[in-house]
Amino acid sequence: MPRPILATIHIDALRHNLSQARLRAPDAKLWAVIKANAYGHGIERCFEGLRSADGLAMLDFDEAQRVRALDWRGPILLLEGCFEPRDLELCSRLHLWHTVHCNEQIDWLAAHKTQQPHRVFLKMNSGMNRLGFTPTAFRAAWVRLNALPQVEEISLMTHFSDADGPRGIAHQVAAFEAATADLPGERTLCNSAAILRHASSPLRGEGVSTLSADWVREGIALYGSAPDHPEHTAASWGLQPTMTLSTRVIGVQTLQPGDTVGYGSSFTAEHPMRIGVIACGYADGYPRHAPTGTPVLVNGVSTRVVGRVSMDMITVDLTPLDAATGVGTEVVLWGRAASGAELPVDEVAASAGTIAYELLCAVAPRVPFAVD
Ligand SMILES: *Cc1c(COP(=O)(O)O)cnc(C)c1O
């Protein structure tokens, strides 16, 4: 029998989460962001659940090729654009739309020979200071692009640094608006947090028609995580878990007061108790920094990790479970238990001092996947 760990992708939940985004930004076309192999879910495994999107957005050229191999004929957007001049050949051949965020990318386009003019998304650095032209340099970049025969259509794009937090997006929206007011072209601004928290806010329709218009770019919310956890939970945003990481109990120990557990003896029993040893560890992608107290579901019952996470095993407290709980019992690290109980990946991430994005992307190659 194979080691009992398994990651299960829930197609219905992907479809449901996508329909939630449609409700929140009803006038916008939706890019389903599938970078990082669909946030660790697997592009091919997710495809059925995401194919009602208007476009698929990613960073890697091999992922764009995989999507075309699935016979996706719709728009594909490369969110970082080209990394070197010859990437443009693939853009021409596969009809990839690409971000233009620096002058070098414009130079490469100007030198590119193509029958097919390209559709490009000109990116503004409206305050995040990663990729893009500053508001002051934006117009000159647009004028240069607009003069190129290699370019068919220019859309305008920016990315928010604080859509999930107290600083918000108003300052970036204002910078974007001011610098693009008289430029034609479609706009795309919102990531998941901005769709959930801002796209249907009073800003919209009061001079900020660009906010959810044209295109939104949804990533993490499609995958069932609340980008602003713990202020909101995924359930409170109407999102369902799209990945369940599950395993089974493979051993049980009975502890007496004073007994310790695992490497470094970081947990000491205060009472007589039973612990389960489960077949999952950091080599499966579970965060090693998850401390004692991190939530886990055993047979659908909420309990906690005790002691240090090791490479192949984790120890869990069986106190809330009945005495018959033993080898073979179902364990859910995050996602949905057979009983229907749910453990949001956001809660595990918070306990480990990280975010769900990182956990979902980190499921290790040795973990088998299933689709339901
Ligand atoms: C990853 C990414 C997104 C999606 O972000 P989420 O927070 O996962 O919704 C949107 N736009 C750009 C440019 C990105 O890189």
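Everything numeric here is computed off the predicted structure, so don't read it as measured data. Read the numbers this way: they start at 1 and go in the same order the structure lists the ligands and their atoms. FYI, side chains are in, hydrogens and waters are out, and symmetry mates aren't considered; it's all heavy atoms of this structure.
Among His101, His159, Lys35, the residue whose heavy atom lies closest to atom 15 (O) of ligand 1 is Lys35.
A salt bridge does not link Arg130 to Glu80: none of the charged nitrogens lies less than 4.0 Å from a carboxylate oxygen. With respect to the salt-bridge test (charged N to carboxylate O, under 4.0 angstrom), the residues Asp317 and Arg304 qualify.
The N/O atoms of Lys123, backbone and side chain alike, include none that comes under 3.5 Å of an N/O atom in ligand 1. Every N/O-N/O distance between Arg130 and ligand 1 stays at or above 3.5 Å.
Using a 4.0 Å cutoff on heavy atoms, Trp31 does not count as a contact of ligand 1. At least one heavy atom of Tyr39 sits less than 4.0 Å from an atom of ligand 1.
When only non-hydrogen protein atoms are considered, atom 9 (O) of ligand 1 lies nearest to Ser192 OG, 2.5 Å. If you check which protein heavy atom lies closest to atom 10 (C) of ligand 1, you get Arg217 NE, 3.5 Å. The shortest contact between atom 7 (O) of ligand 1 and any protein heavy atom is with Tyr357 OH, 2.6 Å.
In terms of modelled atom types and a separation under 3.5 Å, the side chain of Gln150 and the main chain of Leu109 share a donor-acceptor contact.
Considering Tyr357, Tyr223, Phe369 as possible partners of His41, the one that fulfils the ring pair (Phe, Tyr, Trp, His ring centres under 6.0 Å) test is Tyr223.
Two rings, from His98 and Phe121, have their centers 6.0 Å or more apart.
By the ring pair (Phe, Tyr, Trp, His ring centres under 6.0 Å) test, His16 pairs with no residue at all, sequence neighbours left out.
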